[in-house]
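Working notes, beginning with the structure itself.
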Amino acid sequence: MTPPAARPPESWLVAVNLPVPAYDFAVPHGWAAPDAPLGCRVLVPWRGELAVGLVVGAGTGGAHRMREAVALLDDPARPWVPAATVRAVGTWAADARLPAGLVWGDLLGVGWEAHYTHRVRAVPGADLSMFARRVPAENWTDGASFVPALLDEIRAQGLLEEDITPLPRTRAMVVARKLADVPPAARTVTVLRAAAALPDKLTPRQRHACEWLAAHGPQDSLSGWARGAEVSPGVTSGALNAGGAAYVQEQGDPPGAWAWLREHGPAESLTAWANGASAAGIPLSVTQAGTLAARGWADSVQRPAPPPALPEACPELPGAADPDRLPELPVWRLHGGRPAQRFRALAPRVSRLLSQGRGVLVLAPDHTTLRRAWDGLSGLAAGAGTRAVQVSGQLSAAQREHTWELVQSGAARLVVGSAHALGAPLQDLALLVVLEEASEAHKLQSGSRAFVPDVAARVAQESGAALAWVGCAPAVESVPCPGAVLAPPRTRLHVVNYAAPPTQPELGPLSSVHLTPGDLGYPLSHDLARLLRQVQERGRQAALLAPRRGYSALLRCPACDHTPQCRHCDVPLRFHQETRRLTCHQCGYHEAVPDRCDQCGEPMWKARGPGTEWIAQEAARLLPGFPVYRVDKDRQDDLAPLHAGEPGLMVGTQLLLSGEAPPNLALIGVTLADTWLNVSDFRASERYHRLLRQLAEWHAGPRPPLLVVQTFQADHPALRVLVDGRDALAYPAAEAHVRQELGYPPYARLAQLEVTAREQHKAQAAAQELAGALHGAGATAQEVLGPAPSPVARLRGVYPYHLLLRARSDARLAELLRVLDSRSWKARVRVDVNPRGGL
DNA sequence: AGCACGCCGACT
DNA sequence: GTCGGCGTGCTC
């Protein structure tokens with residue numbers, strides 16, 4: 001017996017850019033291909049209008065009131081997103097219990113707005129008389145001329161035919177009209193002409209002015225005439241009144257600005273016209289250009305936009321011909337060394353794959369990493385017969401679109417980008433490189449809370465591409481992978497141990513008095529202060545990393561220990577001295593600093609926990625006359641002088657590292673390293689270790705700056721591995737053992753369930769109920785931890801409760817999460833698979 | 001995410 | 001009587 005022929009799907013699952021699941025749409029009229037065009041964009045009716053969606057699967061059928069998709073926007077042979085990527089993201093989203101639209105909205109940054117012509121007509125013979133409004137006739141008409149809701153009603157009844165044609169990007173340009181087409185009225189000018197016969201009653205000066213006018217031709221203003229005739233304006237005005245001259249309307253010469261546009265146009269805008277003409281010696285303001293256009297000298301027309309300029313690939317090809325020493329495995333890692341060394345080690349592999357006509361995708365978590373990857377890899381493409389493109393938020397919409405089309409068409413096969421590059425339509429992906437896979441920046445803060453390396457791993461697997469983790473230090477999760485570790489860069493490190501008793505020689509005669517760690521100097525230790533003064537004396541540069549922005553972590557009343565708290569969150573308010581405000585760093589609430597303690601009336605406050613403002617102030621006091629720059633979320637000073645090599649000190653938060661290190665950097669100080677450790681998160685020490693590694697490789701020059709770390713935990717192993725010159729694998733490998741014992745990643749898969757409600761008891765009850773349901777469904781005590789109130793018990797006025805799921809595998813985690821769908825919960829439940837921070 | 005619907009308190 | 005707060009539900 002022959003199996004029944006597979007029936008083509010009658011509907012597609014389409015994801016739109018909204019936090020909703022993919023919905024079923026009937027295939028467009030006349031569609032007959034056997035498979036759903038996965039990854040193609042499609043126009044679908046949505047809330048009475050047309051929306052761009054992504055085909056993410058074959059329809060499940062059986063949906064009520066299913067609507068018909070209107071038109072496919074991409075050729076199924078060249079989808080907007082590769083089919084394998086669509087499948088991989090789909091399974092990831094399903095496992096994470098996230099609606100497809102939410103995930104695709106986060107991961108796809110280009111193509112949600114389509115440019116197309118839309119023509120409509122009534123189906124032949126259709127009776128549209130029941131619609132009271134103007135309706136499409138049986139010949140094609142522009143769809144934009146009808147009310148969208150009306151069109152949709154006709155569409156829903158199957159009485160509308162639509163013609164959708166994708167359009168190239170156009171842009172409005174200003175072109176000069178032909179002289180024959182300029183309206184005659186536009187060509188008349190008002191000028192002053194001398195009277196044919198001068199009246200007798202003119203004064204001598206008036207007569208002189210009129211004679212000058214007769215001799216020198218018409219003038220367009222009284223004042224111009226006066227200037228030309230070298231008389232005061234009163235004279236020309238008087239001459240006009242006395243009948244010595246008159247305003248006359250006459251045909252004028254075409255304006256010089258028009259002639260310029262005719263010859264050099266079209267111009268991209270009125271401004272471009274004005275600038276161009278002015279540069280050619282024809283003074284023209286933007287307003288004047290607008291007036292000329294309005295009077296009919298120029299037209300605005302739509303012209304196909306030239307492709308926007310894209311970031312250029314670097315010219316050199318470093319390392320393309322080096323031997324390839326990297327593993328030939330489905331998943332491998334490469335860490336340590338310096339960024340340039342890592343890319344050089346990666347180059348032969350990338351180069352070879354590109355030469356074979358295959359595709360390489362490189363994902364960077366932040367702008368600095370992306371720029372370094374671009375510098376280190378983009379130069380390889382040309383030698384391998386293709387081109388490199390960048391996909392980042394820095395690009396304009398037009399640039400992103402053009403980039404995407406270059407990849408879609410096969411013209412570019414090396415893509416370096418952010419999370420938005422994950423869906424890049426590479427036709428034969430051979431290698432997916434995830435840079436700095438441990439970086440927190442890979443965790444998307446928007447709706448899906450996707451951790452990009454997780455999704456990337458699924459994409460690589462589904463595409464049959466190799467996956468490489470590459471960065472300064474491996475994530476503990478990548479320790480078990482086979483791979484390569486480069487020798488650590490030369491590091492000069494000095495640890496200031498706040499916990500150690502101060503040494504005798506430094507303290508001298510004071511050694512007998514009662515000592516606190518503060519006697520070592522706080523927040524800038526004597527050691528660090530001495531080194532900073534040296535930097536100043538030698539005209540070098542230094543950077544200080546403060547633990548937080550603002551002046552201090554909190555204000556405390558010295559009399560009663562009261563600390564002002566946020567009104568919406570259970571956290572102390574941070575003190576910002578520059579704005580004289582108390583600010584909540586969770587929700588942004590702020591208020592003026594109270595004059596006195598509202599508990600006991602004490603008029604003085606004591607600041608605790610130095611931030612950038614405090615450190616910068618302290619440093620300025622220490623180094624009189626030395627320029628101090630600040631870099632944090634509140635203030636980004638212009639660092640141009642530092643980058644030009646001038647002496648100075650920069651004080652900032654971790655935001656410092658998102659810029660390039662200045663060239664003359666001699667010293668980096670971490671003012672209080674413990675801030676990175678005193679976080680209730682099992683990844684805190686891993687993050688601290690990575691911070692130290694990043695600081696050590698921040699400056700690219702041959703002589704690394706001295707790194708000074710001030711800490712109460714000088715013996716912390718994350719710091720010791722650097723002091724002892726161990727490689728980038730040492731600490732993560734040790735940490736992996738700890739994780740194994742505790743049953744944390746990579747030896748478990750985690751998901752956090754966040755239950756929130758406006759009232760605390762509701763959130764708690766719902767969380768409790770959820771835990772009960774999980775246990776009822778067979779979850780063990782090891783698999784469900786909590787519920788517990790969130791570390792910040794109240795956040796933006798709501799009470800979040802957390803449950804932590806800890807499963808042995810992705811599959812088991814997905815199984816546990818399915819319990820969420822079993823019924824509705826009386827509070828908002830959000831899933832965060834592979835949560836980061838604050839656990 | 002928007003947007004409509006619907007249910008309760010403060011005003012003309 | 002209405003206006004308007006925002007909780008709940010829906011989008012094929």
Side-chain angles (χ1 to χ4, degrees), chain A residues 8-29 31 36-73 86 90 93-94 96-114 147-160 162 164 420 444-450 568 587 754-763 765-766 769 796-800 820-821 823-832:
Chain A
E10 283 157 14
S11 64
W12 300 333
L13 273 176
V14 176
V16 292
N17 186 6
L18 287 175
V20 295
Y23 287 121
D24 254 334
F25 287 87
V27 302
H29 207 69
W31 178 266
L38 284 194
C40 288
R41 291 169 308 153
V42 65
L43 278 183
V44 292
W46 189 267
R47 287 188 146 270
E49 303 201 25
L50 292 181
V52 175
L54 194 70
V55 180
V56 296
T60 50
H64 54 106
R65 291 185 290 128
M66 194 197 298
R67 296 286 303 271
E68 194 173 284
V70 173
L72 204 61
L73 295 175
V86 169
R97 308 277 92 191
L98 290 168
L102 179 66
V103 176
W104 279 112
D106 273 0
L107 293 180
L108 184 61
V110 52
W112 293 112
E113 260 154 53
V147 180
L150 172 79
L151 273 192
D152 195 54
E153 235 180 289
I154 304 172
R155 182 186 291 129
Q157 298 194 17
L159 300 177
L160 192 67
E162 297 181 77
I164 304 282
H420 277 164
L444 301 186
Q445 289 309 299
S446 42
S448 70
R449 318 222 78 223
H568 312 296
C587 72
E754 188 184 67
V755 183
T756 51
R758 213 169 271 280
E759 280 153 286
Q760 187 165 21
H761 69 272
K762 278 190 184 169
E769 221 173 299
R796 295 163 213 270
V798 299
Y799 292 87
L820 290 181
D821 297 341
R823 60 193 165 96
S824 72
W825 314 95
K826 291 174 197 101
R828 209 173 93 117
V829 180
R830 258 178 46 178
V831 183
D832 184 351

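Looking at heavy atoms from C-beta onward, A:Val55 lies out of side-chain contact with A:Leu13 at the 4.5 angstrom threshold.
Residues meeting the side chain to side chain contact (heavy atoms under 4.5 Å, CB included) test with A:Ala93, sequence neighbours left out: A:Val103. With sequence neighbours left out, A:Asn17 forms a side chain to side chain donor-acceptor pair (under 3.5 Å) with no residue at all. A search for side chain to side chain donor-acceptor pair (under 3.5 Å) contacts involving A:Arg97 returns A:Asp821, not counting sequence neighbours. A:Pro19 meets the side chain to side chain contact (heavy atoms under 4.5 Å, CB included) test with A:Leu102; sequence neighbours excluded.
Across the protein-nucleic acid pair, A:Leu50 atom CG and C:dC12 atom P stand 12 Å apart, rounded to whole Å. Atom CZ of A:Phe25 is separated from atom P of C:dT11 by 11 Å (rounded to the nearest Å). Atom CG in A:Asp24 sits about 12 Å away from atom P in C:dC12, given to the nearest Å. What separates CZ of A:Arg67 from C1' of C:dT11 is a distance of 11 Å, to the nearest Å. One atom, CZ of A:Arg47, and another, C1' of C:dC12, lie 12 Å apart when rounded to the nearest Å. As a whole-Å value, the separation of A:Arg828 CZ from C:dT8 P is 12 Å. One can place CH2 of A:Trp46 at 9 Å from P of C:dT11, the figure rounded to the nearest angstrom.
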Would you mind writing out the side-chain donor-acceptor pairs for residues 42-50 of chain A within the sub-3.5 Å range, not counting sequence neighbours?
none

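Along DNA chain B, the stretch of nucleotides lying under 4.0 Å from any heavy atom of chain A spans, 5' to 3', B:dA1 to B:dC3.
Residue A:Pro45 is classed as a sugar-phosphate contact, given heavy-atom separations below 4.0 Å to backbone atoms only.
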